[in-house]
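Below is one structure, written out as structure tokens, with a few remarks after it.
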Amino acid sequence: MKVTPETQRIMMAIRAIPHGQVCAYGQIAARAGLPGRARLVARVLAESSDLNLPWHRVLRASGQIAFAQDSEMYAEQCRRLRAEGIEVKSGRVRMPKTDLDLDALLWAPK
DNA sequence: CTGATGACGGCGC
DNA sequence: TGCGCCGCCATCA
């Protein structure tokens with residue numbers, strides 16, 4: 001895929017998602033300094049497919065898994081999430097009302 | 001240049 | 001809470 005400084009920051013943001021935590025496309029974009037580029041995040045994931053990215057920790061803002069429930073990718077993402085102790089209820093996970101937990105971890109106050 | 005598309009979001013009802 | 005509609009952005013035919 002085409003690696004621009006933007007896609008770099010996006011991948012960095014995704015790699016920063018802690019084990020057992022999830023994050024929305026939009027949040028990733030925002031954290032990468034690209035507000036409104038949620039769709040760009042989606043493309044980066046789609047095109048980097050087999051990189052060492054925790055792609056399964058990225059979902060829609062609604063907490064819904066982004067794939068069709070009958071797709072293989074959906075099943076795979078489900079497995080991986082549950083493997084990290086995340087409960088997946090009818091295609092969606094409980095998204096934190098605020099992402100302060102994540103911010104706290106990322107901001108790593110010293 | 002124009003219109004369609006998609007691992008998306010937000011607002012209204 | 002759930003849906004639908006519309007807005008956004010980057011590509012592509």
Checklist entry - Tell me the side chain to side chain donor-acceptor pair (under 3.5 Å) pairs involving residues 55-66 of chain A, sequence neighbours left out? => result His56(A)-Glu84(A), Arg57(A)-Glu84(A), Gln64(A)-Arg92(A)
Next on the checklist: For DNA chain B, which residues of residues 80-93 of chain A approach it to below 4.0 angstrom with any heavy atom?
Outcome noted: none
Next on the checklist: Classify Ala46(A) by what it touches in the nucleic acid, base, sugar-phosphate, or nothing, heavy-atom distance under 4.0 Å.
Outcome noted: base
Next on the checklist: Once you apply a heavy-atom cut-off of 4.0 Å, does Ala24(A) come out as touching a base, just sugar-phosphate, or nothing?
Outcome noted: sugar-phosphate
Item to check | Sub-4.5 Å side-chain heavy-atom contact between Leu81(A) and Ile65(A) | outcome: yes
Checklist entry - Which residue pairs pass the side chain to side chain donor-acceptor pair (under 3.5 Å) test when at least one of the two sits in residues 2-19 of chain A, sequence neighbours left out? => result none
Next on the checklist: Could you tell me the boundaries of the chain A footprint on DNA chain B, defined by atoms under 4.0 Å from its heavy atoms?
Outcome noted: dG6(B) to dG10(B)
Pick out the pairs of N or O atoms, protein on one side and nucleotides 7-10 of chain C on the other, that lie under 3.5 Å.
{"from": "dC8(C)", "atom 1": "N3", "to": "Arg39(A)", "atom 2": "NH1", "distance (Å)": "3.3"}
{"from": "dA10(C)", "atom 1": "O3'", "to": "Arg43(A)", "atom 2": "NH2", "distance (Å)": "2.7"}

Checklist entry - By side-chain hydrogen bond (donor to acceptor under 3.5 Å, both in side chains), which residues pair with Arg39(A), not counting sequence neighbours? => result none
Checklist outcome for this item: The correct list of stems in which DNA chain C takes part (3 or more consecutive Watson-Crick or G-U pairs, distances under 3.5 Å) is B:2-6 with C:9-13, B:8-13 with C:2-7
Next on the checklist: Gln77(A) vs Leu59(A), test: side chain to side chain contact (heavy atoms under 4.5 Å, CB included). Steps then yes/no.
Outcome noted: CA-CA 10 Å; Gln77(A) 184 163 16; Leu59(A) 4 169; 4.0 Å; yes
Checklist entry - side-chain hydrogen bond (donor to acceptor under 3.5 Å, both in side chains) with Arg79(A): which residues, sequence neighbours excluded? => result Glu76(A)
Checklist entry - Considering residues at least two apart in sequence or located in another chain, which fulfil the side chain to side chain contact (heavy atoms under 4.5 Å, CB included) criterion with Ala46(A)? => result none
Checklist entry - Are any of the side-chain heavy atoms of Tyr25(A) and Leu40(A) separated by less than 4.5 Å? => result no
Item to check | Test side chain to side chain contact (heavy atoms under 4.5 Å, CB included) applied to Val93(A) and Glu87(A), step by step | outcome: CA-CA 6 Å; Val93(A) 312; Glu87(A) 181 178 359; over 6 Å; no
Next on the checklist: Do Ile17(A) and Cys23(A) have side chains that approach each other closer than 4.5 Å (heavy atoms only, starting at C-beta)?
Outcome noted: yes
Next on the checklist: Restricting to side chain to side chain contact (heavy atoms under 4.5 Å, CB included), what partner residues turn up for Ser71(A), sequence neighbours left out?
Outcome noted: Phe67(A), Ala68(A), Met73(A), Tyr74(A)
Checklist outcome for this item: When every non-hydrogen atom of Ile14(A) is compared with those of Arg31(A), the smallest separation belongs to N-NH2, 4.5 Å
Next on the checklist: Within the structure provided, determine whether Arg37(A) and Arg43(A) are in side-chain contact (heavy-atom separation under 4.5 Å).
Outcome noted: no
